[in-house]
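Everything on this sheet refers to the single structure shown next.
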Amino acid sequence: MLKLVFFLIFLMPVCLINNMYWMVQILLLFISFIFLMMNNFMNYWSEISYFLGSDMLSYGLILLSLWICSLMILASESINKYSNYKNLFLLNVIMLLLLLILTFSSMNLFMFYLFFESSLIPTLFLILGWGYQPERLQAGIYLLFYTLLVSLPMLIGIFYLMNKMGTMNFYLMNNFMFNYDLLYFCMLCAFLVKMPMFLVHLWLPKAHVEAPVSGSMILAGIMLKLGGYGLLRVLMIFQLMNLKYSFIWISISLIGGVLVSFVCLRQTDLKALIAYSSVAHMGIVLAGLLVMSYWGLSGSYTLMIGHGLCSSGLFCLANISYERLGSRSLLINKGLLNFMPVMALWWFLLSSANMAAPVTLNLLGEISLLNSIVSWSWVSMIMLSFLSFFSAAYSLYLYSFSQHGKFFSGIYSFSNGKIREYLLLLLHWLPLNLLILKSDMCMLWL
């Protein structure tokens, strides 16, 4: 893992050299492919250095981080074009990527916590520095306070665990089982806010709407997965407590998912719609995780990776329309089928992936999650059926409202996409649909 970290540290000075924008992007793609080759499908930790290592769980998420970060640079071409502090932007992205990789590859709970919280800072800079509206200050404060409020109890919980177990290593923590209510809530709440669970999700739509496209991509692609990854790591020592309390979180998530789907159907802002749909998807991931069945764990992991690619791609599409029309409102982004004929195909492909249509990774994840949640409780079928139905409903609403209808009179007759944009969307869509052929790495990691 250290070679990956060193690569990124040595990439930082390169960011500060002028006219190196695409060089950094190409180098990130290059390291993604190298990391792809480092893959050894083991059920235990490998690639171990001092406190870093990688098992199947972190492998997929590190690969996703590398991939999304290289695509972020590809998507933010306007920053390069208008020289909007592009060197600082690149440095910020590399810092964020470094912190994310350290988060996912930490084998030590405290180190994981440290990097988990640090990755908030570059994200905050992205929103505050390159966001679009003045409201981005409020969004940044929301993001900061929601996350920091619950992470202090978690830190105290970690100290308590260290005192009791004498180790922070994930591998050695498996030997312990805690039956202590307050500790359980302290450790879980930080991840539930990061997921975000319904009721503590308000920071997410705000942050998404104010963030630049790169900020939205990293938030949807990786930041939401930090919560799920943390739960997968920490729940093993709280299994007894989880049997007692999981019904609360699962009920909130399923009911919240349906309510958020209703909210989606009333949105007129493209980005807000995609952001709220993320909350609904992560709700079902959280429910599957807390059921603690084999299907649930592997399904939630699969859906996390699928959602990371799909949501990120949708934000790119929204940004492409925004760059052409100067607005994210669905009232102005109408009739794009006439305006950008070729993009309609990409809108269709990614909207259908968002509603878990066949051959996407989302389908595999949702099927396993449905299985696991229904096997946990038969009653949850009611909410799950609503959730699946409305998930399709808002994806169709997003597609049909933006592509059909009479287009706004203030825009030109038609507009072509750039090759860069097609490449960007293809690199989101291909892994999303081809990973299902190699789905054993998502489903058989336990």
Side-chain angles (χ1 to χ4, degrees), residues 1-12 31 35 38 42-66 69 92-124 144 147-176 178 183-184 186-195 218 222-238 289 301 304 445:
M1 292 312 300
L2 203 58
K3 48 182 170 283
L4 206 58
V5 174
F6 268 119
F7 181 88
L8 291 173
I9 291 174
F10 290 130
L11 195 55
M12 281 177 195
I31 194 77
F35 190 68
M38 278 164 61
M42 305 274 193
N43 293 23
Y44 41 82
W45 294 87
S46 57
E47 304 285 344
I48 293 180
S49 55
Y50 178 50
F51 64 92
L52 301 175
S54 148
D55 61 349
M56 275 314 296
L57 255 184
S58 40
Y59 177 77
L61 288 163
I62 292 173
L63 190 56
L64 185 66
S65 309
L66 285 164
C69 280
N92 203 20
V93 171
I94 301 294
M95 285 286 298
L96 181 55
L97 178 57
L98 181 62
L99 287 170
L100 284 171
I101 286 177
L102 286 169
T103 311
F104 287 130
S105 56
S106 293
M107 296 171 64
N108 182 315
L109 183 61
F110 178 72
M111 287 302 185
F112 166 74
Y113 170 83
L114 190 70
F115 296 124
F116 170 81
E117 292 304 326
S118 314
S119 60
L120 196 69
I121 302 165
T123 319
L124 190 68
L144 205 59
T147 318
L148 289 183
L149 178 72
V150 286
S151 60
L152 185 66
M154 184 185 166
L155 182 62
I156 296 165
I158 289 177
F159 289 157
Y160 177 82
L161 287 178
M162 177 67 201
N163 188 30
K164 285 282 176 250
M165 294 189 295
T167 177
M168 284 276 95
N169 196 312
F170 285 132
Y171 209 71
L172 298 173
M173 279 163 57
N174 286 355
N175 305 328
F176 292 89
F178 284 89
L183 181 65
Y184 172 76
C186 282
M187 295 300 289
L188 241 66
C189 283
F191 300 128
L192 295 180
V193 171
K194 203 74 170 177
M195 278 290 283
I218 198 75
I222 318 291
M223 288 308 197
L224 304 188
K225 316 298 173 273
L226 279 172
Y229 174 78
L231 282 175
L232 282 167
R233 287 275 184 242
V234 166
L235 274 181
M236 52 194 181
I237 55 172
F238 292 117
L289 257 180
Y301 176 61
M304 282 199 294
W445 52 265

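Note that the numbering runs from 1 along the sequence shown for the chain.
Separating the CG atom in L97 from the CG atom in L11 is a distance of 9.0 Å, to the nearest 0.5 Å. Rounded to the nearest 0.5 Å, atoms CD1 (I31) and CZ (F7) are 4.5 Å apart. In this structure, N163 CG and I158 CD1 are separated by 13.5 Å, a value rounded to the nearest 0.5 Å. The distance from the CE atom of M111 to the CG atom of N169 is 12.0 Å, given to the nearest 0.5 Å. Considering CG of L99 and OG of S65, their distance stands at 11.0 Å, rounded to 0.5 Å. Note that the CG atom of L2 and the CD1 atom of I48 stand 13.0 Å from one another [nearest 0.5 Å].
In terms of heavy-atom proximity, L161 sits nearest to F178 at CD2-CE1, 3.4 Å. Nearest heavy atoms, G227 versus M195: C-SD, 3.6 Å. Scanning both residues, I62 and S105, for their nearest heavy atoms gives CD1-CB, 3.8 Å. Of all heavy-atom pairs between P153 and C186, the closest is O-CB, 3.6 Å. When all heavy atoms of M1 and S49 are compared, the pair lying nearest together is CB-OG, 4.4 Å.
For the pair K194 and F116, the cation-pi criterion (under 6.0 Å, within 45° of the ring axis) is fulfilled.
Considering only heavy atoms from C-beta on, L192 stays 4.5 Å or farther from V150 through its side chain. M162 places none of its side-chain heavy atoms less than 4.5 Å from the side chain of T167. In this structure, Y113 and L109 have side chains that are not in contact, with every pair of non-hydrogen atoms separated by 4.5 Å or more. Within the 4.5 Å cutoff, the side chain of L235 has no heavy atoms near those of the M187 side chain. Residues S119 and M223 meet the side-chain proximity criterion, which asks for heavy atoms closer than 4.5 Å. F115 is not listed as a side-chain neighbour of L98, based on a closest heavy-atom distance of 4.5 Å or more. In this structure the side chain of L226 reaches within 4.5 angstrom of the side chain of F104, judged on heavy atoms. The shortest side-chain heavy-atom distance between E117 and T147 falls under the 4.5 Å cut-off.
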Between M107 and L52, does a side chain to side chain contact (heavy atoms under 4.5 Å, CB included) hold up when you go through it step by step? CA-CA 6 Å; M107 296 171 64; L52 301 175; 6.0 Å; no

Would L96 and N92 count as a side chain to side chain contact (heavy atoms under 4.5 Å, CB included) here? Give the steps. CA-CA 6 Å; L96 181 55; N92 203 20; 5.6 Å; no

Working note: F170 + D55, criterion side chain to side chain contact (heavy atoms under 4.5 Å, CB included); need CA distance, chi angles, decisive distance, verdict. CA-CA 11 Å; F170 285 132; D55 61 349; over 6 Å; no

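S58 places no side-chain N or O within 3.5 Å of a backbone atom of S54 that could act as its donor or acceptor partner. Y59 contributes a side-chain N or O that, together with a main-chain N or O of F35, makes up a donor-acceptor pair within less than 3.5 Å. A donor-acceptor contact shorter than 3.5 Å is absent between the side chain of N108 and the backbone of F51.
Ring geometry for Y229 against F112 counts as tilted: the plane angle lies between 30° and 60°, on a 0 to 90° scale.
When each of I222, L8, I94, I218 is paired with C69, the side chain to side chain contact (heavy atoms under 4.5 Å, CB included) condition holds for I218 and for no other. Just one of L289, L224, L232 meets the side chain to side chain contact (heavy atoms under 4.5 Å, CB included) condition when paired with M304; it is L232.
Electrostatic pairing of K3 and E47 counts as a salt bridge here, judged by a charged N lying under 4.0 Å from a carboxylate O.
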